[in-house]
Q: 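This is the structure, below, for whatever I ask next.
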Amino acid sequence: MLDRGFLRRHFEEVKGRLAYRAPAGILDEFATADARRRAAVTEIQALQQRRNALSKRVGIARRAGKDALDIVKASREVHAEIREREASVQALDAALEDVLSRIPNVPHETVPAGRDATANVEISRWGKRPEFPFAPKPHWELGVELGIVDFERAAKIAGSRFAVYRNAGAKLERALMNFMLDVHTGEHGYAEILPPFIGNSRTLYGTGQLPKFAHDLFKLEGTDYWLIPTAEVPLTNLYAEETLAAADLPVSLTAFTPCFRSEAGSYGRDVRGVIRQHQFQKVELVKIVSPESSYQQLERLTADAEEILRRLGLPYRKVLLSSGDTGFSAAKTYDLEVWLPGLGEYKEISSCSNFEEFQARRAKIRFRRSIGRRVSPGYVHTLNGSGLAIGRTWLAIIENYQQADGTVVIPDALRSYLGAERIDASGSLA
RNA sequence: GGAGGAAUGGCCGAGUGGUUGAAGGCGGCGGUCUUGAAAACCGCAAGGCUCGAAAGGGUCUCGGGGGUUCGAAUCCCUCUUCCUCCGCCA
């Protein structure tokens, strides 16, 4: 959610910067809704002022022992008029909120303008892509052959876009969770959180999934509960409706959670393997920081995620998303894309974003800042990124570390977690 | 699931219908004193919205929502959360 005053004051500038992001005409819709609401608010406040003044006079008269029937009568009339107008003010309020909640965040000045992913900018590449003296297999072939992942039985239990992991496949998933959490908590200074995997509507609104993206979520029937699509939701909302002390910042949080996504509208995309699932596991990084430091913190958070890829020896590239490809709530996003030899392409494995005040305003996360001798509250900036998506890390390891004999070598960084050096042809650790 | 109790500003805690947006204490900030600090003393401090060039007004907010009343932190209804006791339970 953008600040309405800011929007009013920088109307034309914002209009230009949202060119590739906002639906056509929405800013003019805002201007109209805003003007109408302000006119109505000003009127009703004048009436309230009159009512308050009259009531005060009633009290004074009564204490002086006089009756005040005429004043009471006048006040009653004003009251009735206020009543009449309240509904329309509320409607105008709701209309303005609705428009505001549909306006995406303004991209940072360093974000390349562009309609879609073709305008993204590759920032860097790391690692050497493995060369195979044989045709590398995609993980959905190799994983099934090894018996470490089972899509057919998953479909029987739940449906398509689910996976059952078995033997070394399940242990690899668990090892990745522990490895990532250990690095982020032990070396990068994040506090480990184990949140609920369910959130209420207010929480999903706070991080921007509701109301616009309800169709991407799973809702629990007959309740106000939603399955979380990412740990970003509970972690960022941990401090919803709170005012933090400046000394509490930056807050750095990490959590392992499953993530649930309906993937409505993604039919036909990434249908094979574990790339796009209704449930996947992820270690998430969240930072709540002062506005001055947020872009520096974005670099750090991204580097924290990159560190996992480096330790696992997975080749990747870092991409700066264009304004059109950046998500609704984000002001700037780096994607980390891992090399997948079986697929023959780079695939997103982490998305690291600075949301500036956008989420903080929705979720009402503020902090007390000192400006000179004054102490005044302001909104924090929020950031998050995957550190990393475990399902995609899993498949990246299977594909990058596959051997000619059909076994998979375990990356050095994971050997102490698995107590093994490879996944043998039977899908067991060896 | 049943029966009671509670929710006030950064924190604690007064306040049961009329200049109470809210006493007092703690904490915070500024100052006096001091070589410096502490103590003591004095002073300053809520947020949203809105009008205004500004100075400064107005309005809303005492867990959320609704109601009664000329007027609500205070009375009524409802929801949420927390606490105590009983039941059930990993």
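Source: prediction; values computed, not measured. Within every chain, numbering begins at 1; the chains are lettered A, B, ... in the order of the sequence lines, protein sequences first and strands thereafter.
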Q: Find the partner of B:U19: check Watson-Crick (N1-N3 plus N6-O4 or O6-N4) and G-U wobble (N1-O2, O6-N3) distances, both under 3.5 Å, and reply none if neither fits.
A: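 Check on B:U19: unpaired, no WC or wobble geometry under 3.5 Å.
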Q: I need the CD-P distance between A:E242 and B:G10, as an integer number of Å.
A: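 Rounded to whole Å, this separation is 12 Å.
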Q: Give me the distance, rounded to whole Å, that separates B:C76 from B:U59 when you measure between the P atoms they each carry.
A: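 So the two P atoms sit 28 Å from each other.
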Q: Which word best sums up how the rings of A:F11 and A:F30 line up, parallel for under 30°, tilted for 30 to 60°, or perpendicular for over 60°?
A: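 Because their plane-to-plane angle is under 30°, the rings of A:F11 and A:F30 count as parallel.
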Q: Using the C1' atom in both, what is the distance from B:G24 to B:U8, to the nearest Å?
A: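 Nearest-Å result for B:G24 against B:U8 at atom C1': 14 Å.
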Q: Both distances under 3.5 Å, Watson-Crick or G-U wobble: report the partner of B:A53, or none.
A: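 In the structure as shown, B:A53 has no Watson-Crick or wobble partner.
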Q: When all nucleic acid strands are considered with a 4.0 Å heavy-atom cut-off, which category describes A:S75: base, sugar-phosphate, or nothing?
A: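 The residue A:S75 makes sugar-phosphate contact but no base contact.
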Q: With both distances kept under 3.5 Å, what pairs with B:U34, Watson-Crick or G-U wobble?
A: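 Here B:U34 is not engaged in any pair, so there is no nucleotide opposite it.
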Q: Does a side-chain N or O from A:R38 land closer than 4.0 Å to OP1 or OP2 of B:C51, or not?
A: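 For A:R38, the contact criterion (side-chain N or O under 4.0 Å from OP1 or OP2 of B:C51) is met.
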Q: Taking atom NZ of A:K219 as the centre, report whether more than 12 heavy atoms of other residues, nucleotides or ligands fall under 6.0 Å from it.
A: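 Check passes, neighbour count above 12.
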Q: Quick one: is A:R51 getting a side-chain N or O under 4.0 Å of the B:C60 phosphate, OP1 or OP2?
A: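 For B:C60, OP1 or OP2 has a side-chain N or O of A:R51 closer than 4.0 Å.
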Q: Categorize A:R85 for me: base, sugar-phosphate, or nothing, with a 4.0 angstrom heavy-atom threshold over every strand shown.
A: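 Nothing, no heavy atom under 4.0 Å.
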Q: Suppose you measure atom P in B:G9 against the same atom in B:G47; what distance do you get, rounded to whole Å?
A: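 One P to the other, the span is 14 Å.
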Q: Run through A:V274, A:N400, A:V338 and flag the one making a side-chain contact (heavy atoms from CB on, under 4.5 Å) with A:L395.
A: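 With A:L395 as partner, side-chain contact (heavy atoms from CB on, under 4.5 Å) holds for just one option, A:V274.
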Q: Can you tell me how the ring of A:H184 sits relative to the ring of A:H188, calling it parallel under 30°, perpendicular over 60° and tilted otherwise?
A: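 Taking A:H188 first and then A:H184, their aromatic rings sit tilted (interplane angle of 30° to 60°).
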Q: Let me know the distance between OH of A:Y379 and C1' of B:G47, rounded to the nearest Å.
A: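 Nearest whole value for this atom pair: 10 Å.
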Q: To the nearest angstrom, how far is A:I71 atom CD1 from B:G18 atom P?
A: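 My rounded result for the distance is 17 Å.
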Q: Judged by each residue's nearest nucleotide on RNA chain B, which is more toward the 5′ side, A:I60 or A:T42?
A: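 Of the two residues, A:I60 wins.
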Q: Which of the following nucleotides, B:G48, B:G71, B:U50, is nearest to the side chain of A:R366?
A: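 Output: B:G48.
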Q: Send over the distance from A:K73 NZ to B:G71 P, rounded to a whole Å.
A: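 My rounded result for the distance is 16 Å.
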Q: For B:U68 and A:R83 - does any side-chain N or O of the residue sit under 4.0 Å from the phosphate oxygens OP1/OP2?
A: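 Yes, because at least one side-chain N or O of A:R83 sits under 4.0 Å from OP1 or OP2 of B:U68.
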Q: Quickly work out the A:Q45 CD to B:U59 P distance and round it to whole Å.
A: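 Interatomic distance, CD of A:Q45 to P of B:U59: 8 Å.
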Q: Surrounding CZ of A:R311 (heavy atoms of other residues, nucleotides or ligands, distance under 6.0 Å), is the total greater than 12?
A: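 More than 12 heavy atoms, drawn from other residues, nucleotides or ligands, come within 6.0 Å of this atom.
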Q: Check this one for me: any side-chain N or O of A:H79 less than 4.0 Å away from OP1 or OP2 of B:G71?
A: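 Answer is yes, contact under 4.0 Å.
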Q: For A:V72 and for A:E86, find the nucleotide of RNA chain B with the closest heavy atom, then tell me which residue's nucleotide is more 5'.
A: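 Going by which nucleotide is closer to the 5' end, it is A:E86.
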Q: Please state how far atom CG in A:L54 lies from atom P in B:G58, giving the value in whole angstrom units.
A: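 Spelled out: CG on A:L54 to P on B:G58 is 15 Å.
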Q: In whole Å, I'd like the distance from the CZ atom of A:F367 to the P atom of B:G10.
A: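 Checked: the CZ to P distance equals 16 Å.
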Q: Rounding to an integer number of Å, can you tell me how far A:R57 CZ sits from B:G18 P?
A: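 One finds 20 Å between P of B:G18 and CZ of A:R57, rounded.
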Q: With respect to the phosphate group of B:U59, does any side-chain polar atom (N or O) of A:N52 fall under 4.0 Å of OP1 or OP2?
A: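 For A:N52, the contact criterion (side-chain N or O under 4.0 Å from OP1 or OP2 of B:U59) is met.
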Q: Does the structure show a Watson-Crick or G-U wobble partner for B:A6, both distances under 3.5 Å? Name it, or say none.
A: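 Paired with B:A6, as far as the under-3.5 Å criterion goes, is B:U81.
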Q: Please assess A:M177 against A:I390 for the test side chain to side chain contact (heavy atoms under 4.5 Å, CB included), listing each intermediate value before the final yes or no.
A: CA-CA 7 Å; A:M177 167 183 89; A:I390 291 176; 3.9 Å; yes
Q: How is A:R202 classified with respect to the nucleic acid when contacts are heavy atoms under 4.0 Å: base, sugar-phosphate, or nothing?
A: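 Answer is nothing: A:R202 stays at 4.0 Å or more from every strand.
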